[in-house]
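These notes concern the structure reproduced below.
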Amino acid sequence: MSNQANEPAKTYDPQSFEPAISDQWVNSDAFRPGLDADEHYSITLPPPNVTGSLHMGHAFSDTIQDILIRWQRMQGKSVLWQLGLDHAGIATQMVVERQLDAQGAHRRDLGREKFVEKVWEWKAESGGVILGQMKRLGLSLDWSRERFTMDESSSSAVREVFVRLYEEGLIYRGKRLVNWDPVLETAVSDLEVVYDEEQGHFWHIQYPHADDPSRHVIVATTRPETMLGDGAVAVHPDDARYRDLIGKELILPLCNRTIPVIADDYVDPEFGTGCVKITPAHDFNDYEVGRRHGLAVINIFTDRAHINDDAVIPEQYRGLDRYEARERMVADLEAEGLLYKVEDHTHKVGRGDRSHAVIEPYLTDQWYVAIQELADPAIKAVEDGNIRFVPQHWEKTYFEWMRNIQDWCISRQLWWGHRIPAWYCADCEHITVDRGTPEYCGGCGSRQIRQDEDVLDTWFSSGLWPFSTLGWPESTREMENFYSTNVLVTGFDIIFFWVARMIMMGMKFTGRVPFKDIYIHALIRDAQGQKMSKSKGNVIDPLEIIDAYGADALRFTLAHMATPGRDVKLDVKRIESNRNFMNKIWNASRFVFMNRGDAQPDVNVKPSSDVNRWILTELDRTAREVEQALTGYRFNEAAGTLYNFIWGIYCDWYVEAAKVSLYKDDAAARAETQIVMLTALDGWLRLLHPICPFITEALFQELHGPDARLVTADWIGTYAGDAKAVSRMNRVMEVVTAIRSIRGEMNVSPAKKVVARISANDAVRAELESQQKVLMSLARLESLEWLAEGADVEGAAVAPLADAIVFLPLAGLVDVAEELARIEKNLVKVGKDVAVLEGRLSNRKFVDSAPEAVVAGVRSDLEENRSRLEELKAAEVRLKSLG
RNA sequence: GGGCGCUUAGCUCAGUUGGUAGAGCACCGCCCUUACAAGGCGGUGGCCGCAGGUUCGAGUCCUGCAGCGCCCACCA
């Protein structure tokens, strides 16, 4: 922004000032929490993944948080918005692996240490991009407190938590089936598997009886290769068809071994043939069946889902990829006449949410958190209202998951992440779990110990984030002042992944809730309602939008669309129209500056004119509405209220009305208007600041000088208010609108000044007459004459109002036929209103049981519309006699 | 199978305790009125998904149905 000698540019150009203001904020450390406030407020920014750059969803979520943060800071509180980034285990490792792949390399070529170095390099790059984006968005994060989920403070919190849980027996190591991603070669949690309908096949295979190979049972499977690991065929115990078979042996085709027929309730006799092959090592249900019946668990895969060389597996299939093996086995079954039939079959297939590889249930050793003991207090915290979901219905989703929660598999076979702080001993079975780096086995004292190769699920460290960033496990001043945080702002897609885990970990380790409110916002979609994704090519990059329309326009749009509980379809047109709003603000302010004279805003101003008293009253009302909206997380209402006030009231009416005294009146009136228009501007700039920080800061500096900073909202809402001024101005606006309406419908040029006559009683006339200059200016009148109540005017267009009748003589304006048509249109409209109102009043029950105020309202509406109707009828008669 | 959400103007969506339906965009008119054409003024446009119920009164509360979407669990 320029010094005061230069006027602001005629057109809003955010690029000319947003970056400079952003620099001012960052360089002056403007967003460090103040030290001298009694009240504290804090939000932990959900740390973005260092997988690239921020997308529109981040911009949305971050804008909402910034609005809250700036608003609270302007209330004079000590505010911390904690900044950080997430290492995002799998996701980030994949990004770097893909980069290596493009160079024809693999992480194994580099080795673990070199690979992790590469990821750190990438982290620096991606993190830099992300922080740059945040600054362009105008986020008021405390830049001095940047954290990372793998920095030292986070790591020590992670080790502390792991060790404590282990010592309490809540972390354990177990061999069981996990969801295995054969491409990434790691276990993933249940949540990281996404199921989708896919086209597949249903292979019906004959399993011959061992004692009579001419007979057989038919089993159906979608994964025929798993029969290599079959341990049994199961039937329902009550299924008469197979009762005799239970306990007998079947020949497992292709495998040259026999398996028993077992009976288990798990089998649905209605489905398929009622015979199910049981493969304990490769199906979660089968695993349970196998356990009940003591079946052998035969693992048939390698880590990459190739067939392994277990002794029971026929040699010809060993080493084959799972799908190659499937093909070969189906062909072999067919050749042996054991393939009964093949059906097309649509079924759900689980794929890794990152790799999209088909997930295999796979038997491995993993680390688990015994979750129930952590879940119970976390459920209770929400039940008791110590944590509140906004919108509230999300608590149902939360409860549903939490009440059916499974132990959490926390180990991942990755290289990027927190190494599990457990060491295995070469000389004994003891596992040493330690906060530091132990040198010998805690069991036998042997120095032959080796750390677990695996890393922790990325959500393990994110789960500690609200307190690990504040110095926990030390008891720091930050913990004291800013924990519990006030609100978590996030999307519903990570309620289980992250929100639930933070609550569990927070309750467990701090004994307090990590946040009091959880504001769940919607997902951002494109204009067609599609989820934005790189593969679809429909992502809207926030930076491109900011470059084109400015950060404020984007932020205002996002705030305006932040309706709780519905997905946001982001249409660039919407951003464009809000850019136009910014332009409106820019130019209205420019007008104010051009006409300010020597005046300064004065929050104690006590203006005498109705126009000035009215605008300050309206500003006050707006301030209360904005405050209520923000308090209730109704961002769309806050934005809408400001839009309506700034554009619809301040610009459309106040500035136009103010021109009368700025241009024509005496010096005293002019000076008062200058002060009030500046004061009101100052007020709504502050109100708008949390949503649109750049333009408001720029204009604030124009208003108060280049060193001024918009930091408080303290004085807003202190004006006493003047209901009389408001009602007078409403009357004026009603008259002006009526005249404009006639002019508009009659296509009278705005340049043409017209004569108006108004009939009204003395009281109404006095009110309107006090604003005569304003009225004439806004309605573009050449002259205004006052008529006695009940007077008629021949040959005039008529607009009957609540307490007055406006006549616009037609001579030279329009023809009689046109006005007649307009009158008749209005007659129909008003006639309908009258009929409806009469109907309501003639209903005894309504009159008896509705509140007094409502009935009175209807009565006065009816009265008003009746007289309006009379006037229109009279006007119709007069016009017809003319024509 | 269980749960949740949505259905309002041509399009995208507001509508906080029930009290005669709103915005933006689009469209149609008149305007370069000395802040703004990224603008001003006026206007057209809606059985608020369907069917019941509660109520003097329902877009708003209750029940059922339909369509769309999401989440969870899953029959091999």
Side-chain angles (χ1 to χ4, degrees), chain A residues 7-8 10-12 190 195 202 219-223 226 234 266-268 270-279 283-286 347-348 391 393-394 396-397 399-401 404 492-493 495-496 522-523 527 529 549 553 557 560-561 563 565-571 573-574 576-595 628-629 632 634 636-637 640 643-644 648 651-652 655-656 659 663 737 740-753 777 780 832-833 836-837 839-840 843-851 853-855 857-858 861:
Chain A
E7 265 176 28
K10 184 170 171 178
T11 301
Y12 168 68
D190 297 348
Y195 292 89
F202 220 8
V219 300
T221 179
T222 55
R223 296 188 299 154
T226 61
Y266 159 69
V267 180
D268 174 6
E270 305 291 313
F271 188 84
T273 59
C275 299
V276 186
K277 62 191 276 304
I278 300 297
T279 318
D283 182 282
F284 289 100
N285 288 311
D286 292 6
H347 63 132
K348 297 228 170 158
H393 72 256
W394 285 111
K396 289 188 182 170
T397 305
F399 285 140
E400 187 191 326
W401 189 68
N404 297 290
F492 58 81
D493 50 331
I495 288 177
F496 307 144
L523 248 44
Y549 300 102
T557 305
H560 207 173
M561 296 194 312
T563 311
R566 198 204 271 254
D567 285 351
V568 174
K569 287 187 208 168
L570 187 65
D571 192 338
K573 277 183 166 176
R574 204 69 179 228
E576 189 180 330
S577 84
N578 284 324
R579 187 275 318 267
N580 296 350
F581 178 42
M582 296 304 122
N583 185 53
K584 187 74 181 177
I585 288 171
W586 188 261
N587 277 293
S589 305
R590 207 163 60 86
F591 170 84
V592 170
F593 299 142
M594 282 162 50
N595 291 282
Q628 278 172 18
R634 296 188 301 271
N636 60 319
E637 278 185 32
Y643 187 95
N644 291 336
C651 295
D652 286 349
V655 166
E656 295 307 317
K659 283 175 182 172
Y663 293 161
T737 301
R740 283 173 174 174
S741 178
I742 294 171
R743 298 177 58 127
E745 286 191 65
M746 300 285 113
N747 289 342
V748 176
S749 162
K752 183 165 177 60
K753 296 210 167 185
S777 170
R780 301 196 68 78
K832 269 185 194 164
D833 285 351
V836 167
L837 294 167
R840 296 182 69 189
N843 181 349
R844 276 293 299 269
K845 285 182 171 173
F846 169 70
V847 179
D848 290 346
S849 48
V854 173
V855 177
V858 172
D861 279 359

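Everything numeric in this text was worked out from a predicted model, so none of it was measured. Labels below follow one simple rule: chain letters A, B, ... track the order of the sequence lines, proteins then strands, and each chain is numbered from 1.
For the residue pair A/R590 / A/N587, a side-chain donor-acceptor distance below 3.5 Å is found, with atom types taken as modelled.
If you check every strand for non-hydrogen atoms under 4.0 Å, A/F581 touches nothing. Across all strands, A/K10 comes closer than 4.0 Å only to sugar-phosphate atoms, never to a base (heavy-atom distances). Residue A/K832 is out of contact with every strand shown, counting any heavy-atom pair closer than 4.0 Å. Heavy atoms of A/S749 sit under 4.0 angstrom from primed sugar atoms or phosphate atoms, though from no base atom. Among the heavy atoms of the strands lying under 4.0 Å from A/A850 is at least one base atom, whether or not backbone atoms are also near. Within 4.0 Å of A/E745, counting heavy atoms only, lie sugar-phosphate atoms of the nucleic acid but no base atom. A/S589 comes within 4.0 angstrom of nothing in the nucleic acid, heavy atoms only. Among the heavy atoms of the strands lying under 4.0 Å from A/N636 are primed sugar atoms or P, OP1, OP2 only; no base atom is included. Using a 4.0 Å heavy-atom criterion, one finds that A/C275 contacts no nucleic acid atom at all.
Rounded to the nearest Å, the gap between the C1' atom of B/C47 and that of B/C41 is 33 Å. When the C1' atom is compared between B/A58 and B/G53, the two are found 11 Å apart, to the nearest whole Å. The gap from the P atom of B/G39 to that of B/G24 amounts to 11 Å, rounded to the nearest Å. Annotation: B/C27 and B/G64 have their P atoms spaced 44 Å apart (nearest Å). Distance check on atom C1': B/G49 versus B/A26 gives 24 Å, rounded to whole Å. B/A23 and B/U44 have their P atoms separated by 12 Å, given to the nearest Å. On the C1' atoms, B/C48 is 14 Å away from B/U20, given to the nearest whole Å. Comparing the same atom, P, in B/A9 and in B/C62 gives a spacing of 22 Å after rounding to whole Å.
Minimum atom distance to the side chain of A/P750 is reached by B/G40, of the listed B/A35, B/G40, B/C4. Checking B/U12, B/C36, B/C74 against every side-chain atom of A/Y195, the shortest atom distance belongs to B/C74. Side-chain proximity of A/R574 to B/C36, B/G42, B/U12: nearest is B/U12. Set against B/G29, B/C72, B/A76, the side chain of A/F496 has B/C72 as its closest nucleotide. Out of B/C56, B/C4, B/C36, the shortest distance to the side chain of A/K396 is found at B/C4. Residue A/T563 has its side chain nearest to B/A14 when only B/A14, B/C71, B/A76 are considered. Listed nucleotides B/U33, B/C56, B/G40 differ in distance to A/R780; the shortest reach to its side chain belongs to B/U33. Picking from B/A76, B/C36, B/G19 the nucleotide with the shortest atom distance to the side chain of A/R840 gives B/G19. Checking B/G24, B/A35, B/G3 against every side-chain atom of A/Y663, the shortest atom distance belongs to B/A35. Considering only side-chain atoms of A/R740, the nucleotide from B/C41, B/C56, B/G29 that sits closest is B/C41.
Taking the six-membered ring where tryptophan is involved, the planes of A/W394 and A/F492 are essentially parallel, since the angle between them stays under 30° and well short of 60°. The aromatic rings of A/F591 and A/Y663 sit perpendicular to each other, their planes meeting at more than 60°, with 30° as the lower class boundary.
The distance from atom CE of A/M594 to atom P of B/U34 is 11 Å, rounded to the nearest whole Å. At whole-Å resolution of the value, NE2 in A/H347 and P in B/C74 are 16 Å apart. For the pair A/D571 CG and B/C11 C1', the computed distance is 9 Å after rounding to whole Å. Going from atom CG of A/D493 over to atom P of B/C72 covers 11 Å, rounded to whole Å. Distance CG (A/N580) to P (B/A23): 18 Å, rounded to an integer number of Å. Remark: C1' of B/C25 and CG of A/L570 are 14 Å apart, rounded to the nearest angstrom. Rounded to whole angstrom, the span from the CE atom of A/M746 across to the P atom of B/C31 amounts to 15 Å. Here B/C68 presents its C1' atom at 12 Å from CG of A/D567, a figure rounded to the nearest Å.
In this structure, CG in A/D190 is found 6.5 Å from CZ in A/F284, a value given to the nearest 0.5 Å.
Between the A/S849 side chain and the A/K845 main chain, a donor and an acceptor come within less than 3.5 Å of each other. Side chain of A/N583 to main chain of A/Y12: a donor-acceptor pair is present (N/O by atom type, distance under 3.5 Å, no hydrogens or angles). With A/D283 contributing its side chain and A/T279 its backbone, the two residues share no donor-acceptor pair below 3.5 Å.
With hydrogens and angles left out, the side chain of A/K584 and the base of B/C36 share a donor-acceptor pair within 3.5 Å. No hydrogens or angles were tested; on distance alone, a donor-acceptor pair under 3.5 Å links the side chain of A/E656 to the base of B/A35.
Closest approach of A/K752 and A/R743 over heavy atoms only: O-NH2, 2.6 Å. Heavy-atom minimum distance, A/K277 versus A/T226: NZ-OG1, 2.7 Å.
Note on A/S741: a side-chain N or O is less than 4.0 Å away from OP1 or OP2 of B/G43. A/K573 has no side-chain polar atom (N or O) that falls below the 4.0 Å cut-off from OP1 or OP2 of B/G24.
Projected onto RNA chain B by closest heavy-atom contact, A/R743 and A/R579 fall at different nucleotides, the more 5' of which corresponds to A/R579. Taking the nucleotide of RNA chain B with the nearest heavy atom to each of A/D861 and A/R223, the more 5' of the two is matched to A/D861.
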In dot-bracket form, how is RNA chain B paired, counting a Watson-Crick or G-U wobble pair only if both its distances are under 3.5 Å and using | for bases paired to another strand? (((((((..((((.....[..)))).(((((.......))))).....(((((..]....))))))))))))....
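For A/R579 and A/Y549, the positive end is not near the middle of the six-membered ring at less than 6.0 Å and at most 45° from its axis.
By the 4.0 Å N-to-carboxylate-O rule, A/K659 lies close enough to A/E656 to be salt-bridged with it.
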